[in-house]
Amino acid sequence: TDDGANGSDRTADAMLDQLMEGYWQRTLEASPLMANAIGEYINTDDIDHVNDEAHEARRVVLKETLFSLKGIARDELSSRNQGHNDVFANMLEQELADIDLPTRFLGFSTLGDWSSQFTALVRSMPFRTLEDYENYIKRLSKFGRYADENIALIRRGLEIGYVHPCDSIRGFGATIAATIKNSAEDSFAFGPVAKMPADFDEELATSIKKRIKDEIQNTVTPALERY
């Protein structure tokens, strides 16, 4: 049949399936924000790293996955998985070839930036349990680090002259300024407070509200001001 009947066919197919699944899981784990944005609610207490260490870690994932892929006998794959193999190999090779392009130094465009992506995620995340809120507070505590890593990338772009034409991003500063609020209650990051479950008692709800407010005042707003 198309999927093969002998053991070697099944073994090669299984190896490819496992490799692709492993690669996808490593990708999701390295980017909690992307994972959460597509409905994979893992590591909801964390935020991506976009520093040089994370960049090199991504290179390692690509190289290791590509090396393992080359170890799978293509002619032992089903015809369907031969197609999957070729597309997967092309995807890995292309990303690896492009990994050092300076596009990662742009940081923003007329469509949005790292901060607006975080804002959109906050508005779409489920907040149903105490764990959801505990993880959210932990995530907010890491927002400053996330902001500083993104700012550092943009500064490197400025240093090498890899920037957007000024006319194309005119007014973008106002978009950033609009996210900075004098009152924590007006911040996008305070939004989940309104979603608090009715079964949270008053003491718990008050405590969560205060902790979120503190993180906004001490971490989120200062980070946006630095940006």
Side-chain angles (χ1 to χ4, degrees), residues 28-37 40-55 57 104-109 111-159 169 171-227:
L28 294 178
E29 288 169 7
S31 182
L33 298 184
M34 182 192 75
N36 298 167
E40 293 281 351
Y41 298 121
I42 61 171
N43 300 327
T44 56
D45 61 341
D46 206 358
I47 305 183
D48 306 21
H49 282 274
V50 295
N51 55 15
D52 286 344
E53 290 78 7
H55 187 67
R104 69 191 184 103
F105 299 147
L106 288 177
F108 57 89
S109 72
L111 298 177
D113 66 340
W114 59 270
S115 65
S116 62
Q117 292 168 0
F118 187 85
T119 301
L121 182 62
V122 169
R123 290 171 177 162
S124 65
M125 287 285 291
F127 290 92
R128 303 188 184 98
T129 68
L130 177 58
E131 182 180 15
D132 290 339
Y133 282 89
E134 291 290 349
N135 286 343
Y136 179 62
I137 292 168
K138 290 177 184 177
R139 175 170 275 179
L140 289 181
S141 74
K142 300 173 184 178
F143 186 81
R145 184 268 299 163
Y146 181 57
D148 291 340
E149 289 181 4
N150 277 281
I151 293 169
L153 288 180
I154 295 171
R155 290 190 183 282
R156 287 168 67 179
L158 290 170
E159 290 169 3
I169 56 169
F172 187 77
T175 302
I176 301 169
T179 65
I180 302 172
K181 305 297 182 181
N182 292 327
S183 171
E185 287 88 346
D186 294 330
S187 170
F188 74 89
F190 199 72
V193 171
K195 301 179 182 180
M196 217 174 299
D199 59 353
F200 282 12
D201 64 41
E202 183 177 353
E203 182 178 358
L204 176 59
T206 300
S207 173
I208 291 173
K209 180 178 179 179
K210 181 181 184 305
R211 292 166 63 197
I212 290 176
K213 183 176 179 179
D214 288 346
E215 288 297 345
I216 294 170
Q217 292 174 330
N218 300 326
T219 305
V220 177
T221 297
L224 291 172
E225 289 173 339
R226 292 196 297 275
Y227 183 33

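Predicted model only: the values in this text are computed from it and were never measured.
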Task: Atom pair CG (Asp148) and CZ (Arg226), whose distance is rounded to the nearest 0.5 Å - done: 4.0 Å

Task: Interatomic distance, Gln217 atom CD to Ser187 atom OG [nearest 0.5 angstrom] - done: 10.0 Å

Open item on the list: So does Val50 get a backbone contact from the side chain of Glu149, meaning a donor-acceptor N/O pair under 3.5 Å?
Closed with: yes

Task: Thr206 vs Glu203, side-chain contact (heavy atoms from CB on, under 4.5 Å): CA-CA, chis, key distance, verdict - done: CA-CA 5 Å; Thr206 300; Glu203 182 178 358; 5.9 Å; no

- [ ] To the nearest 0.5 Å, tell me how far Lys181 NZ sits from Ile216 CD1.
- [x] 12.0 Å

- [ ] Identify the heavy atoms of Ile212 and Ala189 that sit nearest to each other, and give their distance.
- [x] CG2-O, 3.8 Å

Open item on the list: Go through it in stages, so that I can follow the logic: the residues are Leu33 and Trp114, the test is side-chain contact (heavy atoms from CB on, under 4.5 Å), and I'd like the CA-CA distance, side-chain angles, deciding distance and then a yes or no.
Closed with: CA-CA 10 Å; Leu33 298 184; Trp114 59 270; over 6 Å; no

Task: Asp46 and Lys142, any side-chain heavy atoms less than 4.5 Å apart - done: yes

Open item on the list: Tell me the closest heavy-atom pair linking Asn36 and Arg139, and the distance in Å.
Closed with: OD1-NH2, 2.6 Å

Task: Residue pair Ser115 / Tyr227: nearest heavy atoms and the distance that separates them - done: OG-CE2, 4.0 Å

Task: Shortest non-hydrogen separation from Gly144 to Thr219 and the atoms involved - done: N-CG2, 3.5 Å

TODO: Would you check, one step at a time, whether the test side-chain contact (heavy atoms from CB on, under 4.5 Å) holds for Asn135 with Met125?
DONE: CA-CA 11 Å; Asn135 286 343; Met125 287 285 291; over 6 Å; no

Open item on the list: Rounded to the nearest 0.5 Å, what separates atom CZ in Phe118 from atom OG1 in Thr179?
Closed with: 11.5 Å

Open item on the list: Within this structure, what is the CG-CG distance for the pair Asp48 and Asn43, rounded to the nearest 0.5 Å?
Closed with: 10.0 Å

Open item on the list: For a quick test of reading the model, state the closest non-hydrogen atom pair linking Ile42 to Glu29 and the distance between them.
Closed with: CD1-N, 4.3 Å

Open item on the list: A quick test of your reading: do over 12 heavy atoms of other residues, nucleotides or ligands sit less than 6.0 Å from CG of Asn182?
Closed with: no

Task: By ring pair (Phe, Tyr, Trp, His ring centres under 6.0 Å) - contacts of Phe127 (at least two apart) - done: Tyr133, Tyr136

Open item on the list: Quick check against the 3.5 Å criterion: does Arg145 have a side-chain atom that pairs as donor or acceptor with the backbone of Ile47?
Closed with: yes

Task: Approximate separation, where rounding is to 0.5 Å, of Ser207 OG and Leu130 CG - done: 9.0 Å

Open item on the list: With no hydrogens and no angle check, just 3.5 Å: does a side-chain donor-acceptor pair link Glu185 and Ser183?
Closed with: yes

Open item on the list: Test side-chain contact (heavy atoms from CB on, under 4.5 Å) on Thr119 and Val122; report intermediate values, then the result.
Closed with: CA-CA 5 Å; Thr119 301; Val122 169; 5.9 Å; no

TODO: Measure across Arg128 and Pro197 and return the closest heavy-atom pair with its distance rounded to 0.1 Å.
DONE: O-CG, 3.2 Å

Task: Enclosure of Lys195 NZ (heavy-atom neighbours >12, cutoff 6.0 Å) - done: yes

